[in-house]
Amino acid sequence: MEKFTLIKTVISRMEFGRQLVLLFLFLALGFTAFSQQSISIQGHVKDKLGSPLIGVTVKVKGKTKGTVTESNGSFLLKVNSTDSLEFSYLGYKSEVVSVVGKSSIEVVLEANTGSLNEVVVVAYGEQKMASVTGAIASINGSDVKQSPAANLSVSLAGRLPGLTVVQRSAQPGKEDIGMFLRGQGTINTQSPLILVDGVERDITYIDPNEVESITVLKDASATALYGVRGANGVILLTTKRGKSEKPIINFTTEEGVQNFASLIQPVNAYQYATLENLAYTNDGLLPPYSSTALQHYKNHDDPLRYPDNDWNKLLIKRYSLQQRYNLNITGGGKSVQYFVNASYLDQGGQFNLESNEVRDKLGLKYDPSFKLRRYNFRSNIDMQFNSSLSAFLNVAGYLEKINQPWGATGADPALYIIAYAFDSPANTPGPLTKDDQILVGSPGQWSPYALINRSGYVQQTNDNVTASYGMEQKLDFITDGLSLKAIVSFDASTVNTLSASRGYESWYQVIDPNLVGQDGEDSVYYKPSNAGVNTALSISGARSFTSQFNFQGFLNYKRTFNKKHSVSGMLLYQRQQQIINEELPFNLIGLSGRFSYGYEDKYFFEFNAGYNGSEQFAPENRFGFFPAFSGSWVASKEKFLADNKTISLLKLRASYGEVGNDRLGATRFLYLDDIKVTGGGFTGSLGGGNTIITSLLGNKKLQWEVSKEFNLGLDIGLFDDNLKLSIDLWKEKRNNILTNRGTVPDVNGLPIAALPPVNIGIVSNKGYEIELTYKKVFTKDFSLLSKLNLNFARNKQLFVDEPLLPGDYVFQHRMTGYRIGQQFGYLVDGYFSDSAEISKSPVQSVGGHTSRPGDFKYRDLNGDGVVDEKDEAPIGFSTVPEFTFGGALSASYKNFDFSVLFQGVANVSNYWQLRGTFAKVNFVSRHLNSWTAERAANGEQILYPRITTQSSPDEIPNSFFIENTSYVRLKNLQLGYTFPASLSQRIGAESIRVYLNGFNLFTWDKLPTKNFDPEQTSNLSYPITRIYNFGINIKF
Amino acid sequence: MIKKKLPLFLILTIIIGCKRSPLDITPDGRITLDDVFKSEINTEAFLNSVYSSVPLYFYHYQYFTFLAGVTDDAQDADIGNESSNIAAQWNVGGLTPSLNPLAAGDDPNVNHYVSFWTGIRSANIFLENINNAPITSSSKKSRLKAEATLLRAFFYWELIKEYGPMPILENPLDPSFDYATLIRPSFQDDVDFIVKSCDTVISNPDLPMRITLESERGRFTKAVAYAIKSEALLYNASPLWNPSNDLAKWQAAATASKDALSALTAGNEYELFPDYGDYFLSQSDINVDPKDKETIYEIKQGDDPNLITIATIPSRDGIKAGICPSQELVDAYDMQNTGEPAITGYSDADHLTPIVNTSSGYDPDHPYVGRDPRFYATIWYNGSAYDNINGVIHTIETYDGGTDQLLKAPPNRRNTHTGYYLRKYIDPRIQYLQASHARFKKYRLAEIYLNYAEAANEVNGPTQDVYDAIDTIRNRAHMPDLPSGLNTDEMRIRIRRERRVEMPYEEQRFWDVRRWKILDQTDKLVTGIEITKNINNTFNYMRFVSERRDAWQSKYLILPIPTHDVSIIPDFSSHQNPGW
């Protein structure tokens, strides 16, 4: 590390002010104007079959000026008389045609016989596919647009090999999404680094119409430039830029309906009462519901006294609406190109509001519904000042309004609504008294209806503005191929939360046998359930602010010598500062470099390195160096394959490198002691009433995690790359994982949380990705594209500082040797049929309960005659799947287009306990088939152990309740029709397309009930939604 | 060319010219441990941190309840209703080395194993640094040191009472300490260490005998040292820790308690509070000549409205009945006139057939008439007057159909499960959502009399001294003296009974039945009383088993050392407590 001292000194001494000076100097450097002569040129672009190609990029070579072809394949462009034009189109070979002596040009583009010329986004730059040596994958914005999901992240599920996306909630504006690139490599922050146009930003809110491409960088060679932040992989989102001279106006409107894909479905009142009686009888208690009561529940003949409320129906809409509008314009002038975009999203919530009459009557003049409204805009402008100086300005922002009921605490209202809806069995009267006040089943009970309608509301307003300005100066006067570039970004976001809560009356129903009503029955009256009164809204608020400054200075070099040796290099200095509320700033400084060498487009070698540091670490451990080496061999360019008709591509890739992870959790400055003097001491007579809080002892040696990653890739293309197979095998070992020490006994007396965390954890992670692509243009009317990907990632915790459990534990570790998040529990061997079997079996000392017939028979793994915690065994997997796969197919026939995406996961488990699973408070359909001696004797199907009013030895983590949450979904389906040009031109449009699409349309899973969606891990989260959507796109 | 390269030179000059790295940001408000002991005020503040490991006890167990629900003094109304309740978990045998149901609650120190070790570490850090700390007054320094020493002894005593012998650490351990070197000593070794610590502070002239300044409320005194020593030596002599019944241990216990009584009552510094019932309803007053001279140590925390809502009769607003006194506790109260036990035992295993002592004056048809006044101060029963619900005197009706009726079957936590409600600590004048002034009395003078009587009776038999000690307690409660002529065994039964009725719901019974090793007689079940009202307004009383329990086996005598530590410290594994 000594040799880096100088660099460290140099880069660590830069400051904001100097960076700005640098930028201006840089700007001044480049301004040298010159003039030119221009001519007009027009032409047509067609494919080999003679059909016009629409949207072909026509660019003046060496300049940023250009256009795209129109619907009949024609273009018109003003150029210099000496220029050449470059025609490029995805899936076709690029052509360069000189305009010298021409006024019109006819170009025939040949379908690409290889994908090697495609350009992909890589870390801080672009590369031709041919020269890529690392493991990367990318998709286009058009793929993302097939999904009507409001959140961009969920649209990525199943699309990108190596990327796992899980959605845990669907609350508008508050989706809980997890992203994992190549699984979980650490117990600390596992999410990949996400950059939008090169800067750390959130992608959740990006409008899909803005997306040009999304690339995932998976191996060390692809992420080494990010150094200490690269170990979890990187997701790069690139937004669209202007291409053509002629403005293209795109207008899209979408209208959709959504509903819950799954929902806890409690039983009806009669079933509830029957099951409640069964639970009491099972416990040897008198059943609480008489046969008369049962009869009433069954016959629905006395709804006042014997109600049968379907709370789901009362509280949840059959469907809610989602709307989206988008307008974007792309175009350009002589020296300026632009892409401007504006969009609006309105997503409704799934919970019912009470009628306006009732709300008006009660004076509830506010909107407590769940909903999201998002306004986005973006303006990406490119400027070319002269042949050597260019600049760009990206400005984008969004305004979000997220609305929700106040609920029980102001936070997460869906959780309480779903919980208390479940806790209101169907025989709970309500939701309202005759006077429209809240009615609950028993004193103190919560009303889910009130949580939605009467509790107040929370409105969260999120503002975000991101702006990047950059300039690039070619330094050909120093040496050919050298250029300098600088980008400055300022991002700011605010979250303002307005919470308006109110108190409300709540009543419960009393049936008084002493007061006889007019109908001769018992009188029914109401008593206050709590001390609550209807109050006006009480307003409070919270706000947070984040700003980010980012500076990137590049020195780029790219040149080919003797047409054989292509050399490129890049040096990047980066500085970032984030300010979050009143916290001390978060700083990051880094220097990154890339050097690549290619020989005859056959052999490629690349060296990437990052050298960066953050204030997270002690000064002597602040900077880390992360190198990666990679190479590739394009065997198909060798003589022995060059003329092969079948094999069009054969490429081998290999990489090895080290990358880091400095995102070690929320606690900062772990290298310092955190001892504070605070008030609130035990007695005022000591220390002025202060006390000393030892929150943390520092670890001076604290460092980042280091991941050593190895990747081997194989790309095979057959039949002109119509069929392409990519395989990546990878292996990662993450060392230095920061963990809390588990082998310090409580005897030490220092709270576990105050023990200094140390870099001792080790996790190994390995897997593979297979991507199979088939695409073919059969005729000018019919083309097909199909992509299949299969990914596997399995981790193993090699070292966790956990105590070794005593020798009579069958599994002496709970983490070491297992995957991150491995579940443990008891193994179930069916049900005990009678007491004789119980007395013959090992004592079931689980939670101190005595077994009874109908209880699970747990396996005594250590054979000591007692089933207890010593017999717990690993069961299933973690909640993050090991296998993910996606299958996409798109086809177009004449004016119709069709696309479909199947997505699935396997090797994944979840333990949904309590509501919706256990037979407590309320019941679901599986409890109707619970164990009883009768059912067992009759050989009836049994779906649940004996139900009971007491806590049960069955309702704990075990192999029955830890469920396999593998699934396959029809994630997207889209059908589109483009009207014939003759029709669209009548209204002056270039094209009109209408389409239908859907999201989460159908799911195949292995769950025993339909109460939960396999993707959600909590039983009380806002359930995953299904969307049906209709859209019109008009292009002018 | 040179002109164009100028900016590059400029840039380099600027970069190298800067002095400070932006990564050197100064974190705010943090100090090091060394800094703490460089300042007098922070050194004192650190003693506050040591005090902060003292648990709250009382009703701060999960779920806002008393420890009594896991003893034969009560059934918790949360049984069958709130599965997280300590009694719901403990009484079914839920205790395992990796799960201690008692270690949950709203008290931040409710996990006693952890908080006592935390306290021991803090005290050790304090004691390691106090000598060099800049405390201006030497007598102040000496007092601070005595408090820390006594706090450490307190934590050790409470720790070994629950978990058995534990290694004696007199210095804070580095996290990377070799824990394999820790060895469990004998119980006697620990008690010796605790007694030695108490003796040190007792002989320290700078530690006061009682706190006389309100601002110093809650700080340890010499009296606390006497109480800890008295209790520790009594336990050390009891059957659980004295299987060979070594009389020397009883002698040591008797002597310590005798010394404590002489020292405490000298000049009436400490004396019993005149009114047993009122004593538990308020916070002790602190001044030079307080009304309350009985309290030796009171948990400072209090004045919250929860107590009134978690132990209430259904006729009042609240959350639950909470602790429902058991019929067994009711049966333990003597008759006031004769001073004789009303019920001496049960002729059946289910406690449904009481052995009535007919000579006591007890009338099974009027079971609540003429009992020990402490019964009326502790328990609401059918027919008792609950003064002042919204200004109206309310009569408790626990009979079938009454306003506060017994409801046996769950779900219900508002009604009694035994036929009784808790009166001790509950001041009926305090209304719903008002703060209760009741405090948990951790140590009070009465306990030392009882400790003395018990130890002295074992070593010397029922001497006059023993009678005097017990009668002092009884007379305060307006109970007659014990009859003369009892033998040692009879006296032991009387003393144990006295202890039970004098200190219910004070976290004594749970440990007493363990140190006496009578768990198998007391903890298999509790009973309640089902009362029906006859037409002529008389009542029928029917006993019933309200809860059967499965945590009475001998392994429940000493709590298991938590798995976490057993897995790390080899000696804890090879010497885990019996049965675990």
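Both backbone and side-chain heavy atoms feed into the values below; hydrogens, waters and symmetry mates do not.
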Might you work through the side chain to side chain contact (heavy atoms under 4.5 Å, CB included) test for A:I752 and B:H564, ending with a clear yes or no? CA-CA 12 Å; A:I752 299 282; B:H564 180 71; 4.3 Å; yes
Heavy-atom proximity to chain A below 4.5 Å, by part of B:S98: both
If I measure from the heavy atoms of chain A, does B:Y51 come under 4.5 Å with its side chain, its backbone, both, or neither? both
To check you understand the geometry: which heavy-atom pair defines the closest contact between A:N748 and B:Y179, and what is its length? ND2-OH, 2.9 Å
Could you tell me which portion of B:L159 (side chain, backbone, both or neither) has an atom closer than 4.5 angstrom to a non-hydrogen atom of chain A? neither
Option in B:T32, B:L99, B:D565, B:L173 with maximal non-hydrogen atom pairs under 4.5 Å from chain A: B:D565
Taking the side chain as everything from C-beta on, heavy atoms only, tell me whether B:P97 gets closer than 4.5 Å to A:E869. yes
Which bit of A:Y809 is near chain B, if near means a heavy-atom gap under 4.5 Å: side chain, backbone, both or neither? side chain
Report which part of B:D174 has an atom under 4.5 Å of a heavy atom belonging to chain A: side chain, backbone, both, or neither. backbone
Max heavy-atom pairs within cutoff under 4.5 Å with chain B, candidates A:P585, A:P745, A:G698, goes to A:P745
Using a cut-off of under 4.5 Å on heavy-atom pairs, state which of B:N111, B:V566, B:L33 scores highest against chain A. B:L33
Taking only heavy atoms into account, what residues of residues 116-126 of chain B are found under 4.5 Å from chain A? B:W117, B:T118, B:R121
Distance in Å, A:S442 OG paired with B:R414 CZ, rounded so as to fall on 0.5 Å steps: 11.5 Å
Is there a donor-acceptor contact under 3.5 Å linking the side chains of B:S49 and A:T691? yes
Indicate the atoms forming the closest heavy-atom contact of B:E44 with A:S685, along with that distance. OE1-O, 3.8 Å
For chain A, which candidate among B:P101, B:G218, B:S83, B:P172 shows the most heavy-atom pairs at distances under 4.5 Å? B:G218
Heavy atoms only: give me the nearest A:R668-B:R30 pair and the separation to one decimal. O-NH2, 3.5 Å
Apply side chain to side chain contact (heavy atoms under 4.5 Å, CB included) to the pair A:V747 and B:Y113, showing each step before the final yes or no. CA-CA 8 Å; A:V747 166; B:Y113 185 81; 3.5 Å; yes
Is chain A contacted by the side chain of B:S176, its backbone, both, or neither, given a heavy-atom distance below 4.5 Å? both
Using a 6.0 Å cut-off, check whether atom NZ of A:K700 has over 12 heavy atoms from anything other than its own residue. yes
CZ (B:R219) and OG1 (A:T683) are apart, to the nearest 0.5 Å, by 6.0 Å
Under 4.5 Å to a heavy atom of chain B? For A:L805 that would be both
Region of B:I319 in contact with chain A, defined by heavy-atom distances below 4.5 Å: neither
Sub-3.5 Å donor-acceptor pair from the side chain of B:N48 to the main-chain atoms of A:L686, do we have one? yes
In a check of side chain to side chain contact (heavy atoms under 4.5 Å, CB included) between B:I31 and each of A:D674, A:D673, A:I675, which one passes? A:I675
Interface check, chain A: of B:I568, B:I569, B:I41, B:N91, most non-hydrogen pairs under 4.5 Å belong to B:I568
